[in-house]
Amino acid sequence: MQRSSARIGTTMTLGSMLFVQLGLAASVGLFDRVGPAGAACLRLTWGGLLLLAIVRPRLRTLPGDAVRGAVLLGVVTAGVTISFMLALGRLPLGTAVAIEFLGPLGVAAWQGARGARAWPLLAGVGVLLLTEPWHGGADPLGVAWALAAGACWAAYILLTQQVGDRLPGITGLAISMPVAALVSLAVAGPRVAAELDPGLLALGLGLAVLLPVVPFALEMLALRHLTATAFGTLMSLEPALAVLIGLVALGQAPAPIALLGVLLVVLAGAGAQRTGGRPQPVAATPEVVQRPSSSRYVSEPS
């Protein structure tokens, strides 16, 4: 029975990662029309509307400090999503994901045992192999945006843990996502509005289902079958999956040295997650458990 539960959780986690990377790859097609920030805006706006319609959070019945935390989480969510999309406009998908992964990796190492603090160094070597700064191969601004996304992702993880301890189910997500949508509308709304038509609206809705609605639902179910450590270790495979999706969907063939860099990031992620688990609050229920230190893109993650 335990093996069957682990198999179900693993399948759901892998499915979630696949949806995330497919959603990111599909978003690239919108760059010429609405720009990277506009693509992020479409996803966040539709995601916020869908979650509001599904959850319908009652703010008056919730603790004020938890609601304020969820609002701040929404701002950070917008930051990680927009920054990453801007990085994706200048870097291959696998490279951007690997650099961004330094954020959650740093949090996992910081929260873990002293020995875990060596893992970011290994990941740093991997990122150097991916970007090859001695050749000037990677776009410096793209790398900067990916690092900014990683920093926002780290802040998102810490805020998600705090909000998840105070709010039931995905109520925190249903508050933070609309806030993220408002921030993204302030940044990219005018450009999106200038291009808006039924086809673009439909495409934005489809992207929002790919990321965040379906993957976050899969993650919630997966965490009922897996420990946080097992889940986090699986998530460390994401940079490698990003390289594969980039190759298949976008034709971004990595060089051998880049593949070695991705391997080092994956190994560092697996090592850090095994020593960086977070004890769950005593009062937590399965619905309150939040995505561990690989939480993501739009809520995110989400």
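Below, all heavy atoms of this structure are taken into account, side chains as well, without hydrogens, waters or symmetry copies. Numbers for residues simply follow the sequence, beginning at 1.
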* To do: Determine yes or no for a side-chain-to-main-chain donor-acceptor pair under 3.5 angstrom, with T171 supplying the side chain and L167 the backbone.
  => no
* Nearest-0.5 Å distance that lies between atom OG in S27 and atom CG in L22 -> 10.5 Å
* **Heavy-atom check, side chain of L263 versus side chain of L259, under 4.5 Å** => no
* Asked: Can you find a pair of side-chain heavy atoms, one from T13 and one from L218, that are under 4.5 Å apart?
  -> no
* Do any pairs count as a side chain to side chain donor-acceptor pair (under 3.5 Å) and have a residue in residues 177-191, sequence neighbours left out, and if so which ones? -> none
* Structure fact -> Interatomic distance, CG@L129 vs CD1@I257, rounded to 0.5 Å, equals 5.0 Å
For residues 192-217, which side-chain N or O atoms pair as donor and acceptor with protein atoms under 3.5 Å away, sequence neighbours left out?
from	atom 1	to	atom 2	distance (Å)
D197	OD1	R33	NH2	3.3
D197	OD1	G199	N	3.0
D197	OD1	L200	N	2.7
D197	OD2	R33	NH2	2.3

* Structure fact -> residues 57-69 vs salt bridge (charged side-chain N to carboxylate O under 4.0 Å, His left out), sequence neighbours excluded, gives D65-R166
* To do: May I ask you to list the residues sharing a hydrophobic cluster with V187, side-chain cutoff 4.5 Å, ordered by chain and number?
  => I82, L86, L141, W145
* Cluster question for you: counting only ILVMFWY and a side-chain heavy-atom cut-off of under 4.5 Å, with indirect links fine, are F84 and L18 together? -> yes
* Asked: Short question: side chain of T95, backbone of L91 - any donor-acceptor pair under 3.5 Å?
  -> no
* Is it true that L147 and I157 fall in one hydrophobic cluster, defined by side-chain heavy atoms closer than 4.5 Å? -> yes
* Asked: Nearest 0.5 Å, what's the CG-CG distance between L30 and L42?
  -> 6.5 Å
* Structure fact -> Residues at least two apart in sequence or cross-chain that pass side chain to side chain contact (heavy atoms under 4.5 Å, CB included) with A240, listed by chain then number, are V262, V266
* How many angstroms lie between CG in L44 and CG in L185, if you round to the nearest 0.5 Å? -> 8.5 Å
* Asked: Under a 4.5 Å side-chain heavy-atom rule over Ile, Leu, Val, Met, Phe, Trp and Tyr, are I245 and L14 clustered together?
  -> yes
* **side chain to side chain donor-acceptor pair (under 3.5 Å) pairs, two or more places apart, involving residues 251-266** => none
* Following the transitive rule for hydrophobic clusters with a side-chain heavy-atom cut-off under 4.5 Å over Ile, Leu, Val, Met, Phe, Trp and Tyr, establish whether V97 and V28 coincide in one cluster. => yes
* Asked: When you measure from the side chain of S16 to the backbone N and O of M12, does any donor-acceptor pair fall under 3.5 Å?
  -> no
* Taking the side chain as every heavy atom from C-beta outward, state whether Q162 and L73 have any pair of such atoms under 4.5 Å apart. => no
* When clusters are formed by joining ILVMFWY residues with side-chain heavy atoms under 4.5 Å apart, either directly or through shared neighbours, do L182 and V76 land in the same one? -> no
* **Audit row: L24, L93, side chain to side chain contact (heavy atoms under 4.5 Å, CB included) steps and yes/no** => CA-CA 8 Å; L24 291 172; L93 179 61; 4.1 Å; yes
* Check the pair F101, V127 against side chain to side chain contact (heavy atoms under 4.5 Å, CB included), reporting the backbone distance first and the verdict last. => CA-CA 10 Å; F101 195 68; V127 169; over 6 Å; no
* Asked: Going through the distances and angles, do L52 and M177 end up as a side chain to side chain contact (heavy atoms under 4.5 Å, CB included)?
  -> CA-CA 9 Å; L52 274 179; M177 184 66 66; over 6 Å; no
